[in-house]
Amino acid sequence: MANFKESFDKVILAEGGYVNDPDDAGGETYLGISRVNHPYSKIWDIIDSVKKEKGTKNINSILKQDKRLIAEAENIYKKSEKLGQEFVQ
């Protein structure tokens with residue numbers, strides 16, 4: 001997986017930040033990681049805390065500053081067959 005970091009950076013850029021689209025079966029997502037598929041991720045504890053303290057206005061600007069979110073997302077993608085099979089050659 002020598003190209004993991006490059007692939008990860010492309011994926012999170014394409015996936016964007018926090019989204020809660022009612023038409024998305026995954027429900028809330030952050031960097032392409034859905035709450036439905038990863039309900040126990042630390043990501044959701046952090047995001048829920050931010051939403052409770054500051055609401056959702058400008059949430060992506062706030063979340064971008066939290067390095068724990070990127071680290072957790074990276075861990076999830078490292079374990080993900082999707083990233084391993086589709087994005088890393």
Side-chain angles (χ1 to χ4, degrees):
M1 278 208 198
N3 296 324
F4 175 81
K5 179 69 172 138
E6 182 180 321
S7 296
F8 175 73
D9 290 345
K10 288 178 184 177
V11 169
I12 65 170
L13 181 65
E15 291 292 348
Y18 174 80
V19 178
N20 191 5
D21 182 348
D23 294 328
D24 186 340
E28 288 178 284
T29 62
Y30 185 69
L31 302 177
I33 298 165
S34 72
R35 187 182 285 253
V36 168
N37 291 317
H38 299 278
Y40 303 109
S41 168
K42 296 174 193 171
I43 286 173
W44 303 114
D45 294 335
I46 296 166
I47 291 174
D48 289 344
S49 176
V50 169
K51 288 187 332 187
K52 184 177 179 181
E53 292 175 26
K54 301 182 181 182
T56 56
K57 186 176 181 180
N58 299 319
I59 193 167
N60 281 309
S61 296
I62 297 165
L63 298 177
K64 279 183 184 179
Q65 297 174 25
D66 195 322
K67 296 190 185 310
R68 298 173 298 168
L69 291 168
I70 294 293
E72 182 67 14
E74 191 170 316
N75 287 334
I76 290 170
Y77 276 109
K78 278 182 180 175
K79 295 175 185 175
S80 170
E81 289 182 29
K82 177 181 175 184
L83 186 66
Q85 292 176 0
E86 293 181 20
F87 298 106
V88 178
Q89 298 290 323

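Predicted, not measured: the structure shown is a model, and the values here were computed from it.
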How many angstroms lie between NZ in K67 and CD in Q65, if you round to the nearest 0.5 Å?
-> 9.5 Å
Within a strict 4.5 Å, meaning less than it, do heavy atoms of the D48 and R35 side chains meet?
-> yes
Closest non-hydrogen atom pair, E74 against F4 | CG-CE2, 3.4 Å
Among all residues two or more places apart in sequence or in another chain, which pass the side chain to side chain donor-acceptor pair (under 3.5 Å) test with S34?
-> N37
Quick one: pull up CG in N75 and NE2 in H38 and give me the separation to the nearest 0.5 Å.
-> 11.5 Å
Enter the distance from D24:CG to T29:OG1 here, rounded to the nearest 0.5 Å.
-> 5.5 Å
For residues I76 and I43, determine if any side-chain heavy atom of one lies less than 4.5 Å from a side-chain heavy atom of the other.
-> yes
Separation between CG of N3 and NZ of K10, rounded to the nearest 0.5 Å | 8.5 Å
Can you tell if the side chain of K51 reaches within under 4.5 Å of the side chain of I47, non-hydrogen atoms only?
-> yes
With D9, which residues qualify under side chain to side chain donor-acceptor pair (under 3.5 Å), at least two apart?
-> K5
Report yes if the side chains of F8 and I70 come closer than 4.5 Å at any heavy-atom pair, otherwise no.
-> yes
Check against salt bridge (Lys or Arg N to Asp or Glu O under 4.0 Å), R68 and D45 = CA-CA 11 Å; R68 298 173 298 168; D45 294 335; over 6 Å; no
Treating Ile, Leu, Val, Met, Phe, Trp and Tyr as nodes and any side-chain heavy-atom pair under 4.5 angstrom as an edge, say whether I59 and I33 lie in one connected cluster.
-> yes
Single-linkage hydrophobic cluster V11~L69, side-chain heavy atoms < 4.5 angstrom | yes
Taking all non-hydrogen atoms of both residues, which atom of Y77 and which atom of L31 are closest, and how far apart?
-> OH-O, 2.7 Å
Could you grab the distance from atom CD1 of I12 to atom OH of Y30, nearest 0.5 Å is fine?
-> 8.0 Å
